[in-house]
Amino acid sequence: MQERIKNMQKNVFDVLQERGFIGQLTHEEEIRQLLADEKVTFYIGFDPTADSLHVGHFIQIMVMAIMQQYGHKPIALIGGGTTMVGDPSGRTDMRKMLSLEQINSNGEKFKKVFEKFLDFSDDKAIMVNNADWLLNLNYVEFLRDVGACFSVNRMLTADCYKNRMENGLSFLEFNYMIMQSYDFLMLYQKYGCTMQFGGNDQWSNILGGVDLIRRKCAGSAYGMTFNLLVTSEGKKMGKTEGGALWLDAEKTSPYEFYQYWRNIADADVENCLMLLTFLPTEEVKQLASLQGSRINEAKVVLAYEVTKLIHGQEAADEARSAAEALFGQGEEKGSIPSTDIAVQAVEEGIDITDLLLLSGLAASKSEARRLVQQGGISLNGAKVENFADVVTLDNFEEGKVMLRKGKKIFHQILLK
RNA sequence: GGAGGGGUGCCCGAGUGGUUAAAGGGGGCGGACUGUAAAUCCGUUGGCUCAGCCUACGAUGGUUCAAAUCCAUCUCCCUCCA
């Protein structure tokens, strides 16, 4: 807490820069100055394309939270309107079109997450949905009013469109940039929002809005982008077997979530601590400087802190003790992923392959067989030698059996 | 609307009548080594009642003893022209 108060005196711009958030800026000096002198209203947009947010979004949320700590006012924009169009940025093919119902239900889930990280009381932050102004636009009116301000020639030079020139780009998607630019204009007029932030991939969309505000209102607006979460090798982070690393506990369990960060590469520890936790910079530097296997201590802190932010202290504690139990010494308690099985199913004996299938450790029997043949499966700590092995009640201790796949994936089967 | 090119396994991409469950690469998974790291090496990567069978090369129908490969129709995409 003292740390935070001390930080208060610093310019939030410097904090963001020091922590490695900042990517590109439209006007570096002006932005820095404004953030130091004024209470700035800024926005970040989130398109509800899935039923949960993921780590990429979390960085943006961190920025909003930090900005708010320093007295600035975030607008969390839910892209109920823009999702109807679909952002082509960073994509090689067109997005699947989502139904309005789907978009709305996703948007509701996003809302809940924002409420967890931002203080919306007393107008300290607001949440808006661009469906409110985009869905009922009059086409011709809009074209004359806003469309006239965009040069197709210039739009085509934008990176996000350039790489779609080969694979094709529909007119629908081509309009995305205009939609997002219009959002910024709306928020500028309605809430005095003068800054838009986003991931690096949003650069051209943000520029579009800055330009539009200048043309329509002769106003000054600014944009800033943040580095995407990538590994030291430049690969996108936050990918798991199941796709993205989701923030929703239903889609990525706290234990899996914890393990993801616990297993991060050495070289990425500092960056992740800076971007994904509120730990003071000095502490992060110190943790990241640990040498050799001691760097694992930093990974534990990272995993614990991030899990705590997303899933709460209790879930973080459970995930940590589960990990300690499985990988080291420690009482076995906590949240190891598990599957229930009926007693009668086991009484007659169940094939190990079926059990692997049931637990989700293998996607097919062939895969299960392969895993066993390659020595990748163990049951209660003993390697399974034969894929024809049958698991019976004798294998259960206190109503459960522990399966392990590979070195790090554990799964319990609970008798029911 | 016209002319041309193309749709192959998770992705990229070879393959133009049989020996092709389909080269090669990427990614994934497992193993070895380690620190629950990285790098490296080895193996594996459609399914099943697994040395046998089934399903697969955009879709449907056809030619053939035999088709991802030939023909027809449809469909989607790309390039150029309008």
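Order of the sequence lines sets the chain letters (A, B, ...), proteins ahead of strands, with each chain counted from 1.
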Per the under-4.0 Å heavy-atom filter, residues of residues 287-299 of chain A near RNA chain B come out as A/G292, A/S293, A/I295, A/N296, A/K299
If you restrict it to nitrogen or oxygen atoms, what contacts under 3.5 Å exist between nucleotides 30-33 of chain B and the protein, and what is each distance?
| residue | atom | partner | partner atom | Å |
| --- | --- | --- | --- | --- |
| B/G30 | O2' | A/Q374 | O | 2.9 |
| B/C33 | N4 | A/K407 | NZ | 3.1 |

Residue set satisfying side-chain hydrogen bond (donor to acceptor under 3.5 Å, both in side chains) with A/K383, at least two apart, ordered chain then number -> none
May I ask you to check whether A/H311 and A/F257 place their ring centers less than 6.0 Å from one another?
yes
So salt bridge (Lys or Arg N to Asp or Glu O under 4.0 Å) across residues 71-89 of chain A, not counting sequence neighbours, yields A/K73-A/D123
Give the table of side-chain donor-acceptor pairs shorter than 3.5 Å for residues 142-149 of chain A, with sequence neighbours excluded, one pair per line with atom names and distance.
| residue | atom | partner | partner atom | Å |
| --- | --- | --- | --- | --- |
| A/D145 | OD1 | A/K216 | NZ | 2.6 |

A/H57 meets the ring-ring contact (aromatic ring centres under 6.0 Å, His included) criterion, sequence neighbours left out, with A/F46, A/H54, A/F110
Contacts of A/E367 and A/R262 projected onto RNA chain B by closest heavy atom; the upstream (5') one is A/R262
Between B/G35 and A/K408, is there an OP1 or OP2 to side-chain N/O distance shorter than 4.0 Å? no
Taking B/G6 as the reference, what is the distance to B/C57 when you measure between their C1' atoms (whole Å, please)?
14 Å
(message) What's A/S366 touching, base or sugar-phosphate or nothing? Going by heavy atoms closer than 4.0 Å.
(response) base
Worksheet item: B/G15 and B/A23: how far apart are their C1' atoms, nearest whole angstrom?
Response: 8 Å
(Q) Applying a 4.0 Å non-hydrogen cut-off, can you work out what A/Q259 is touching in the nucleic acid: base, sugar-phosphate, or nothing? (A) base
Checklist line | Between B/A56 and B/G47 - C1' atom distance, rounded Å | finding: 10 Å
Sorted by chain and number, sequence neighbours left out, ring-ring contact (aromatic ring centres under 6.0 Å, His included) with A/Y255 holds for none
Margin query: Between A/Q180 and A/Q196, do the side chains contain a donor N or O and an acceptor N or O under 3.5 Å apart?
Written below: yes
So the ring-ring contact (aromatic ring centres under 6.0 Å, His included) pairs with at least one residue in residues 340-369 of chain A (sequence neighbours excluded) are none
Residue pairs passing the ring-ring contact (aromatic ring centres under 6.0 Å, His included) test with at least one member in residues 397-416 of chain A, sequence neighbours excluded, are A/F327-A/F410
Ranking B/G35, B/A38, B/C48 by distance to the side chain of A/D266, first place goes to B/G35
